[in-house]
J.: 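I'd like to ask some things about the structure below.
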Amino acid sequence: MNVFLDHFTKKHPRIACALYAWKHGGDMDYVKRAMRQNPLVMQVRSYGSLNRDKNIYYIEFGDPGDGFFAEYGKLLKYLYFADRFSLIPVIRFTEKYLYAEKDAVNGSTNPFE
């Protein structure tokens with residue numbers, strides 16, 4: 001690493017972290033640890049015959065430790081995946097989600113709304 005970049009990343013650790021993630025993005029072990037799950041694992045399930053002609057991609061969020069923008073970034077990745085493979089995304093934010101309220105807000109219990 002050159003002297004300027006070394007000095008700059010020591011002064012700005014978040015940029016150093018982003019550069020590290022960019023550099024190791026092809027390392028599947030790193031990606032699994034960073035996402036806290038294997039992004040290539042999918043479970044195929046059948047929920048009846050009502051939408052048998054559609055491939056629905058069910059996305060569930062509920063990690064209480066992530067902030068709003070971390071969850072939003074993950075959501076964008078999942079939506080990109082759904083779009084890339086022509087899947088219909090269905091998103092559910094669970095009661096464990098950091099921003100979930102105990103009571104309904106404006107008639108909704110969906111924290112994303």
J.: Output all residues satisfying side chain to side chain donor-acceptor pair (under 3.5 Å) with S108, sequence neighbours left out; order by chain, then residue number.
T.: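 So S108 forms a side chain to side chain donor-acceptor pair (under 3.5 Å) with E113.
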
J.: Hey, is CG on N106 packed in by over 12 heavy atoms from elsewhere, all under 6.0 Å?
T.: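 No, CG of N106 has 12 or fewer neighbouring heavy atoms, counting only those of other groups under 6.0 Å.
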
J.: Can you list everything that forms a side-chain contact (heavy atoms from CB on, under 4.5 Å) with S86? Sequence neighbours excluded, please.
T.: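 Once residues adjacent in sequence are excluded, S86 has no partner under the side-chain contact (heavy atoms from CB on, under 4.5 Å) criterion.
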
J.: By side-chain contact (heavy atoms from CB on, under 4.5 Å), which residues pair with Y80, not counting sequence neighbours?
T.: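 side-chain contact (heavy atoms from CB on, under 4.5 Å) list for Y80, sorted by chain: R84.
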
J.: Can you list everything that forms a ring-ring contact (aromatic ring centres under 6.0 Å, His included) with F85? Sequence neighbours excluded, please.
T.: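 F85: ring-ring contact (aromatic ring centres under 6.0 Å, His included) contacts with F81.
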
J.: Quick check for you: to the nearest 0.5 Å, what is the distance between L79 atom CG and Y72 atom OH?
T.: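 Spacing of CG (L79) from OH (Y72) equals 9.0 Å.
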
J.: Can you get from Y58 to L50 by hopping between Ile, Leu, Val, Met, Phe, Trp and Tyr side chains that sit under 4.5 Å apart?
T.: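 They do not share one cluster, since no chain of ILVMFWY contacts under 4.5 Å joins Y58 to L50.
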
J.: Test of understanding: with side-chain contact (heavy atoms from CB on, under 4.5 Å), list the residues that count as partners of V105, not counting sequence neighbours.
T.: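 Counting only residues at least two positions away or on another chain, V105 forms a side-chain contact (heavy atoms from CB on, under 4.5 Å) with E101.
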
J.: Tell me whether the count of non-hydrogen atoms from other residues, nucleotides or ligands lying under 6.0 Å of CG in L76 goes above 12.
T.: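 Enclosed: over 12 neighbouring heavy atoms sit under 6.0 Å from CG of L76.
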
J.: Nearest 0.5 Å, what's the OH-CD1 distance between Y57 and I91?
T.: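 Nearest 0.5 Å value for the OH-CD1 distance: 10.0 Å.
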
J.: Under the side-chain contact (heavy atoms from CB on, under 4.5 Å) rule, collect the residues that match up with K54, sequence neighbours excluded.
T.: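 For K54, the residues satisfying side-chain contact (heavy atoms from CB on, under 4.5 Å) (neighbours in sequence not counted) are N51, I56, I88.
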
